[in-house]
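Chain identifiers are assigned alphabetically (A, B, ...) following the order of the sequence lines, protein sequences preceding nucleic acid strands; residue numbering begins at 1 within each chain.
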Amino acid sequence: MGDPRTAAAGSGRLVGLLAEYESVDPLLAACRAVRDAGYARWDSMTPFPVHGVDRAMGIRRTILPKLVFVGGLTGALGGLAMQWWMNAVDYPVVISGKPLFSLPAQIPIIFELTILLSALTAFGGMLALNGLPRLYNPLFRSVRFQRVTNDRFYVFVEADDPRFDAERTRKLLEATGCVALEEIRDVEE
Amino acid sequence: MSERGSGERYWRSLEDLGDDPRFAEIAAREFPSLLPELADPRTRRTFLKLMGASMALAGLTACRWPEERILPFAKRPEGRVPGTPERYATAMELGGVARGLLVTSYDGRPIKIEGNPDHPGSAGATDSIAQAAILELFDPDRSRHPSQRVGGAHERRERADYESHIKGRIAALAGRGRGLAVLGEASSSPSLARMQGRLLRRFPALRWYEYEPVTRDNERLGADIALGAPLRTHLDLSSADVIVAFDADLLTGHPDALRHAREFAARRRADDGAMNRLHAVESAFSVTGAMADHRHAASSAAVAAFAGQLAAFVLGPLGELPRGLAQALARTEGRATAPFVEELADELRAHRGRGVVVAGPGQPPEVHALVHLMNDRLGNVNRTVHYTEDPGPTRPSHEAAIGELAEAIRSGEVETLVILGGNPVFDAPADVDFAGALGRLADSVHLSLYRNETSNACAWHVPRAHFLETWGDARAWDGTISIVQPLIEPLWGGVSPIELLSLLGDGEPAPGHDLVRETARGYLGRGGFESAWASALHDGLVEGSRLPRLPARPDPSRVARRVADWWPPVTPSETAGLEIVFLPDPKLHDGRFANNGWLQELPEPMTKMAWDNALLVGKATADEHGLRSHETAVVSVGEREIEAPVFVMPGQADGSLAIWLGQGRSVCGRVGDGVGADAYRLRTSGAMHRAVGASVRPTGKRHELATTQDHFAIDLLGLEETQRRRPELLREATLGEYREHPDFVRHRAHTPELHELWKPVEYDGYKWGMSIDLTACTGCSACVVACQAENNIPVVGKVEVIKGREMHWIRVDRYFKGEPDAPEVAFQPVTCHHCENAPCEQVCPVAATLHSEEGLNQMVYNRCIGTRYCSNNCPYKVRRFNFWNNQKATTDLEALRHNPEVTVRSRGVMEKCSYCVQRIEAARTLAKREDRRIADGDVTPACAQACPTQAIVFGDLNDRGSRVARAHASQRSYAMLEELKVKPRTRYLAKLRNPATDGGGDEHGGHA
Amino acid sequence: MRRVTDRGTDSTPYVFPKWANVLRPALALSVIGLPLYLTLLVTFGFSARTLNVGYAPEQPVPYSHALHVGELGMDCRYCHSTVERSRHAAIPPTETCMNCHTRIRAQSEKLAAVRVSAETGEPIPWVRVHDLPEYVYFNHESHVSAGVSCVSCHGRVDTMEVVRTVQPLSMSWCLDCHRNPDPHLRPLDRVTDLAWEPEDRVETGRQIREATGVSPSTDCWACHR
Amino acid sequence: MTTPPPQRAYYQVPDQDPSRRARLVLGYDDFSSVNDAVARIVERPRPGAGWYVGFAVSSALLLVLGAMVTYLVTTGVGVWGVNQPSGWGFAIINFVWWVGIGHAGTLISAILFLFRQQWRTSINRAAEAMTIFAVICAGVFPGIHVGRVWFAYWMFPLPNQMAMWPQFRSPLLWDVFAVSTYFLVSAMFWYMGMIPDLAMLRDRARTRGRQIAYGLLSLGWVGSSRQWHRYEVAYLLLAALATPLVLSVHSVVSFDFAVSQLPGWHTTILPPYFVAGAIFSGFAMVVTLLVPARQFFGLKELITVRHLENMCKIILATGSMVGYSYAIEFFISWYSGNLTEAFVFVNRAFGPYSAAYWLMVTCNVVVPQLFWFRICRRNMLVMLLVCMLVNVGMWLERFVIVVTSLHRDFLPSSWGMYYPTWVDILTYLGSFGLFFFLFMLFCRYAPFIAVAEIKTVMPLAHAHPPEESHG
C-alpha cells in the first residue's frame, strides 16, 4: 500500500481532496464519517451504484419523477389539443361520415406523445440535474481516479465547502482507512 | 402534376411557337414539357398547324378555309369563349354505316366523342369504337407524309409529288381509262357515290371494286334469294315480344346495335310487369347470348340446322311449308331435332306479328332466306321487321370482288390500282394471295390513315385524313344522311377519299368541303340551301333522308329450291373434324383499330381479355384435345395453320372453335404490332365466316393472356366461393319470382340490422347518387372507354394488366352461373360507390381522400402520397394506383386529346371515379349563370352518356323527382355489400330474366 | 491480493480543456432549437408568400396598366373581355390593341411588336405573371360574378407599370377568403373599380353575401380535380 | 483469452447458492477482470477475421439496399410486385417483421428490469442494440413504400401553405407516432445505459482518438453517487415508460390491419396476438445473435447457458400463445358466421398460398415445442436452428396476414395474386445488410455488455453485514 501523502495532481488551485478505497465497506464507513462531520459539498465516486450509499451519504430523493410527470401531462394534453384543433377546428372535414372529433381515434397518439415527452424529460432531466455533459472535470487530471470506472471507490470533498480545511479534512479522510489520498488541483489559468 | 418549374419551361416554349396565349393556358395543364419534341422540326410545324387550327376555329386569325363556317351545336351559346368547350355534330363511317356523333372541342382540339341525341341510330349513345376515335386522331403512329416505294423500301415524298404522279398517269391513260381500277371500302357516302359516278363517266373502262373483310353479304344474298333483291332488313325490337337470334349478335355486333340495345332494354325493365324474351342459338358466346333468356350453344353449322328445323315447325302448322322444303328439311341425316326448337316454334306462332327471327352475317344465305320466309309468314314484316333498299344494290359480293380484282391484276387487265383505305394485303382471303398480286403491279396508290401492310406493298402511299379532320357524308343504317364535318385541320396534311377521287377525276384536287356541299345540293334541294345546310350541320343529320321502307314478299318456291340444294349443313363430326368460326374482333373490328391502346386494353365483355385474341374453345372440346387456357395451340385448316393462345370459354359450342379476326398485325404501330394471332391466314374465300375440317393440337407453350377476371380459371376453392357470393353481389330473379316477391332483393342476402354509432352527416344541398340497372346492362363496355376518354385515364399495357394494374375507373364484372358448358352470364358495372361512410377515407394519413358537402368521395391527387391503404380498405376495389409515371410515354401530340378539365395524374398517386365532378362543376357554373338549381339531367357522367341502354342513371337524391331518386326507391334497388354499412351512393337495380320455363318464384329468393 | 490488470493507472489521462464545458448549454440549445428552426424554415421558407409575391417578368411589349387603366381609365373588361363568361380572363388578341393604336401612337417604337403581330398574325408572346399549378382549377367567372374584385387577387394593377404578383396565391390564402368572404365582396358594378373602398368592407360584404347568398365552398373538388 | 477465470466460487453469497440456481457470472472474482473481459473486445488492435468477413458481407448487402431504394424512388412503386388488389406487399411485411424483432430488446431491458430479473444484466445491452437496429430497418420500409416519398413529410403536423393537417384517424399515422416514439425511447434507454461503460472505455483508452471519442460519448461521467442516484431513478422511469410503450407499439402496428375492414384483418385478437408474436420473434433474434456472439467474443462466462435457457422458455411460452391465436382466429371466423371472414381463413390454409401458411405453422408452433426438453434448451445448435426457423415463421406469418387477406377480399371479380419481384427480394436482403452493418459496428466499438450492471450483481458489490452504528 503506497504512501497516502501522494503528490498533488497538478499545481493549480486546490479544488478538493480525493480519498480512494478498495471496497464497498470502507467507502460506506467513510461516507458516514464525512456526512456526520457535516460536510455539504462532497461526493463519493463508485464504478457502479453502491447499495446503501444514498443513506450513508444522506442524499435526498431527486425531483426527477415530478418533472417527468409534468412532461407526461404536457404530452397528453398537447396531443389531445393538437388533434382536436387540427381535425375539428382549423380545417374540419368529413372523414368516413364520422364525427369531427371522437376520443377513441385520438387515444393512440395521445398515449404515444405522453410516453415520448415523459421519456425525453427523464433523459434530459437526468443529464441536466447531473450537470452533464461536463467534459472537463479536475478529477480527470488524477491518474489514480481512472480506476473509478474499474474497481476503486472514492470520496471527494470539495475545497469550497465552508467546513473544508486542508488539514482537518485530510485527517478525517485518513481516519476512514483510505488506500490513498490526493489533492485535486485545477489547471492554472 | 408536373411541378411549377416545368410549367414555366413549357410556357416559354409554347410562346416561341407563337400561339394564342389562351390556348397555351389550357394546354399548359396538358403536357409537362414540349422541349424534346420541339427539337424535331416536323413536330414544330405540326404545332404551328394545330395552333393555326385552334385559332381558326376561335375565329381569331386566318385559317385554311376562311369562307367556311363551322356552326356550334344549337344548344351552345353562339360565339366562342376561350376555355369553354363547344360541341359539333359529325359522323363516323364504319363498314359503310354512319354513326351519328357529337364531338366536344376545347379551343380547337376535339377531346371527347358522344352520340348525337338527335340521331336515329345512336340517340345519344356510342359504342367503344366511336369513343376511341379521339385516340386514333392524335395517334403519333399515323402516317405523316406521302411516300413512294423505291426498290424495297418506301421513301418520303411531298404532296405535290403524288399529285403530279397521278396527273401523269391520268394523262397517260387511254381515253376510256382502261387498266385503271379503284378498290374502295364499303361506303354509303353520297359524295363518294357521286365522285364514283363522275369518274366512271370520265373513264367508262375503269373498274371499281369494293371489299370489306367484315362483310354482311350473306344478308344481301339471303334477301336476294327470298325477296328477289338484296334488301336491307331493319328490326323494330321495341314492338317485339319474342326474339330468336341465330348466331346474330344484335346488341353489339350489328351496325344498328345501339338502336337494338336501346329498344331491347326498354322492353325488359318490367315496370309494367311485362318483358320481352330473347332466345339465342349461337356457337360463340356473344353479348346477345349473355342477355338471352334462353341460350343454346351449337356449332355454327348446327345453328343453321336448327334454323331449318324451326322453319319446318313454324311453317308446317301454318300450312305454309313448301313441299320441296318439307322434303328437304325432313332429311335431317338422323339428327334428332332438339325439343327447344319445337317450343320456340309454338312461342313464335303464339306471338304472330310480335316476334322477330333473325340470323347473323355468319349464317349462309339460305338461312337468311328461311328467316325472311318465317318472318313473313308469322306476320312480323312491317311490324317488327322492315325492308329498305340497300346502298349499292348491284355490286358483287365483297368476297367475289377481291377475288376478281386479284385475277384482273394477274391477267394484266389492271395496270393502275388506287386503293381507298382498307388493308387487303392483311385481310383479303388467304387463297386470293392479294399481296402476291399487288406485288406484280407497277403502279398502285394506297390511301390510308396508317402506313400498313398494304401501304408497304403499294408503289405509293398517301396519308388519309381522319374523319375528324375532313369533310364528308355518310348514311346511317336506316339511310339517314349525316354530314361529316372536321373539328381540326388535318394534322399530317391527309386527304379524304373524295378529295383523292376528285384529283383522279378532274386532275385537280377540290377541297372536300366544296365536294360535300355540291353533293348536298342534290339532296338538300335548291330552295334555301344555305339554311338547310346550316341546320344539317347543326343537327348532324339531314331530316327525312331515311331510306323509304319497301313492301316485299318472299317467294317460297325459290327459297325451297335453294334450301333444298344446300340442306343439310355439315356439322362437326369425326369425319368433318372441328369447325372454326371467324368473328370480327369485338374491339378492333377488322383490325383497323389495332393501334388503338384504349381498344386494345379494353377487356372484351365475355372473355374479359385485353390485348390479345385467342382460340375460344368449349370445355369439353378443350379436354378432348388437351387444350389449356394461357397455352398456345396450332390450328390448321387444310394446309394452312396458325398458332394462337387458347382460351377455354364457358358456353362455347362443342366441336366449334372461334377466333377473332384483326389481331396479329405486322405493320401497324407501336401499340398493335405483334399483338395476338392473325386469323386471316386461315380464312379463304368460300369460307369467309366458318371453315370445317379444322384440327387443333396443343403446343404446351405458355402464353399469358391478360384477362382481368379469372372465374373458371382459378382453384376450386375460389370458384365455389365465387358461386356462393354471386347471388348476393349480383342479385337476380326471374320475372315470375319478381311478380311473386317484388321485394326479392332483400331476401337474396342476409343483411344484419344496421345501427348508427354516431349522428350521421346530413346532406341538405345536392346529394349526388347513381343507379345501375343490371337488367339493362349488356356489358358492352362503351362506358369503360368513355370514362377513359373523359378522365385522361392512361393505357398501361399488357404486362401491367396481367399484373393487375389496369387503370379503368369503371369496370364491368362478368359472372358465370351454372355449368361451364351452358352457363348463364350477368354483367355488373362497378365504379366508385361514393360511400357516405367511405372506408377509404379514415385510413388515409394525409386526408387526401375525404367527403364533400354534397357527399362525393373526393380524391385529391395533389395531396396523395400514395400509401395505397385506401385501395386496400375499399371493399369494391375500385381505386387505381399509378405504379409508374403512366404519362411518360404520352407524346405532346397525344396529350392534346387530354380533357383539360381533369388533372393528368402523376406517378405514385391514387385515382378513382369522381362521378365526373368536372361535369358537375360545369353544370353548377351554368346554373349559377342562369341563377337556378342544377336540374335533373344537367349532369350526365361519361359512362351514363355513352350507355346504349341507359342502364346508368345519375342525379340528385335530394330531388325526389329525379330519375336516380326514383330508381333508388324502386323495389329492385339494392346496395352491394350493404352489410358493411358503408352507405354507398351507387345502388343497383336487380337483374330480371324472363325464361319461358318460369316456375314463378319457386323458391323464396334462394337464400344464399 | 492486487492484480493490476487496469492499464489505465500508469498512463496519463487525456483531459478536455476547460472551455469544453461550454458544450452543455450549447447542446441544450441546439436540441431544443434545431427542430424549431427546421419547422419555421419549412413553414415560411416554402410558403408561397416567399416564393410568389413580387414576381414581375419583363413583357415583350412595355404595356403599362398604370397608363391605360390608371390614367386613361379603361375598364379591365375592355381587354379581358371573357372574364365574366369563362374560367379565363383571356389575354386580348392583337386586334384589341390595334382598335386604338391604328390611330393613336401609330408609329411608336414601343408598339413595334404589336404592329408586327397585327401584320403577320403571329401572337405577341406575353409572359404569364399569375401562374397556378396545373391541378388548380380557378374560375374567373364564378368569382367576378359573385362580387369578388380583381384587386383582391391581382392588387392595384391600375398603378403598375409592370404587372407583378402581389398575393401569395397559395392554398391557405385562397382558403382565407373562402372561409370568410365578407372583406372581399362588393357590388357587382364595383368589381373592376380597383380604387373603390367602402367605409366598412366587412359590413358591406356581409350585406352582399346575405343578399346574394354567396357561400364559397371549401371542398377539395371545388378547386382540384 | 488473457485471464483464465480461477475456479473460485462464492458460497457465502446468500442469493447465489449453486444448489438452487446457476450463477449469473461465472469465474470472475473481481471487478477489473469483468472490465477486461468486456473491454478486450473493443481494445483488440484488430478483430478476428470473422468480423471482417461479416462486416464485408453486410456492407455489400447495405449497398444493395441503397441501390434498390434509389431504383425504387427514381422509377416508381411499380418495380415491386404490388398491384390491385394487393396494395401492400414485401415492404409492409418486412416492416412489421422488423418492428416485431425490435421488441425483445426493450422488453428484456425494461420489463425484466422492473421485475428485478437480474439475469437480464449480461444480455440487455446487446438486446437493446438489436432493438434499435431492427427498428431502424423497420423504419426504412414505410418510408420508401409510399408512392411519393418526397411528400412523406406531410404525415407530420407541420404548418404549411396548404393549411392542411394530418388525418389523425388513420392507423398509419398512429404508426408513424408509435414507431418514432419507440425508436427515440429505446435509443435513449440504450445510450443512457451505456454512459458508465463508455466512461470505463474512456478511462482505459490508450490512444488519443479513443480517449476523445469515448470522452465525448461518456459526457464526462465520474460515477459520483449523486449522479448514480438520479441516474438510477431516470433509468427506472424510462423502464417504466418503455414497458407500456413496447406493448403499445405492436398493438398500434396491428391496428394497421385490425382497424381496416378487410376480412382477415378486421379482428380484435390482432393486438395481443401481434405483441406475443413480436416478443416471440424478438427473443428468437436475440438468441440467434447471442449464441455466436458469446462464442466469438469469449463471453461464455457472462452470457451463461442459463440466460439462453431462460430466453428459450420465453420463446416456448410466446410461441404457444401465437399458436393459440392461430387456432382462435380460425374458430372465431367460423363461429362468427361471417362467411367472407370464414373464407379468408379457409383460403389461407387451403388456397393458393397454403404452403406459406403451413410452413408458418410448422416454424412458429411445432418447432418451438422442442424447448419442452431441457437438452434442446441447453444445446446451442438446436437453439440456433429453432430460433432461425422461428424468424422465418414469423416473416411468413406477416406474409400470410398481408397477402392472403388482400388477394381475395369481398368481390371475387377483383381477386388477384401477389408475386414479389426481384426488387422486393433484394430490398429485403438489403435490410439485413443494414441491420448487421450496424450490429457489427456495435460489437466492435461499444461495450457489448453492461459492465456496471454486471458489477452490481457480483458478490463483491454487496456490503458485508454492516457494522452500522447509527442510522
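- When each of A:Leu135, A:Ile109, A:Val68, A:Leu27 is scored by its heavy-atom pairs under 4.5 Å with chain D, the top score falls to A:Ile109.
- Atom CG of A:Leu113 is separated from atom OG1 of D:Thr181 by 6.5 Å, given to the nearest 0.5 angstrom.
- Neither the backbone nor the side chain of A:Pro104 comes within less than 4.5 Å of any heavy atom in chain D.
- Among the candidates A:Ser118, A:Ala119, A:Gly125, A:Gly131, the residue making the largest number of heavy-atom pairs closer than 4.5 Å to chain D is A:Ala119.
- A:Asn87 and D:Trp165 share no side-chain donor-acceptor pair at under 3.5 Å.
- Looking only at heavy-atom pairs under 4.5 Å with chain D, the residue among A:Val53, A:Asp54, A:Ile95 that has the most is A:Ile95.
- For A:Pro108, the part lying near chain D is the side chain, with the backbone staying farther off; criterion is any non-hydrogen pair under 4.5 Å.
- Interface remark: of the candidates A:Pro49, A:Gly58, A:Ala122, A:Pro49 forms the most heavy-atom pairs closer than 4.5 Å to chain D.
- Neither the backbone nor the side chain of A:Tyr136 comes within less than 4.5 Å of any heavy atom of chain D.
- Of the listed residues D:Met188, D:Glu232, D:Arg226, the one with more heavy-atom pairs under 4.5 angstrom with chain A than any other is D:Arg226.
- In terms of heavy atoms, D:Leu219 sits closest to A:Leu127 at CD1-CD2, 3.7 Å.
- For chain D, the nearby parts of A:Met86 are the backbone and the side chain; heavy atoms of each come within less than 4.5 Å.
- We find the CG-CG distance between D:Asn35 and A:Asn150 to be 4.5 Å, quoted to the nearest 0.5 Å.
- Looking at D:Val252, the atoms closer than 4.5 Å to chain A (heavy atoms on both sides) all sit in the side chain, from C-beta outward.
- For the atom pair CZ of A:Phe48 and CD of D:Glu453, the computed distance is 12.5 Å after rounding to the nearest 0.5 Å.
- Looking only at side-chain heavy atoms (C-beta outward), A:Leu116 and D:Leu184 come within less than 4.5 Å of each other.
- If you measure heavy-atom distances from A:Phe153 to chain D, the contacts under 4.5 Å come from the side chain alone.
- A pairwise comparison of heavy atoms in D:Ala234 and A:Leu64 identifies CB-CD2, 3.5 Å as the closest pair.
- In terms of heavy-atom pairs under 4.5 Å with chain D, the best-connected choice from A:Val50, A:Asn137, A:Ile115 is A:Ile115.
- The line from CD of A:Glu112 to CG of D:Leu245 is 5.5 Å long, rounded to the nearest 0.5 Å.
- Contacts with chain A were tallied for D:Phe177, D:Tyr231, D:Phe168; D:Phe168 has the most, counting heavy-atom pairs under 4.5 Å.
- Taking the ring-ring contact (aromatic ring centres under 6.0 Å, His included) definition, one finds that D:Phe189 meets it with D:Tyr235, sequence neighbours left out.
- A distance-only check finds a donor-acceptor pair linking the side chain of D:Ser225 to the backbone of A:Ser44 [under 3.5 Å].
- Residues D:Arg169 and A:Pro99 come closest through the heavy atom pair NH2-O, 2.8 Å.
- Atom OG in A:Ser96 sits 9.0 Å away from atom CD in D:Gln261 (nearest 0.5 Å).
- Of the two parts of A:Trp42, the backbone and the side chain both hold a non-hydrogen atom closer than 4.5 Å to a non-hydrogen atom of chain D.
- Of the atoms belonging to A:Tyr154, not a single heavy atom falls under 4.5 Å from chain D.
- With respect to chain A, the highest number of heavy-atom pairs below 4.5 Å among D:Pro244, D:Gly215, D:Ser251 belongs to D:Pro244.
- A distance of 8.0 Å separates CD of A:Gln83 from CG of D:Leu173, quoted to the nearest 0.5 Å.
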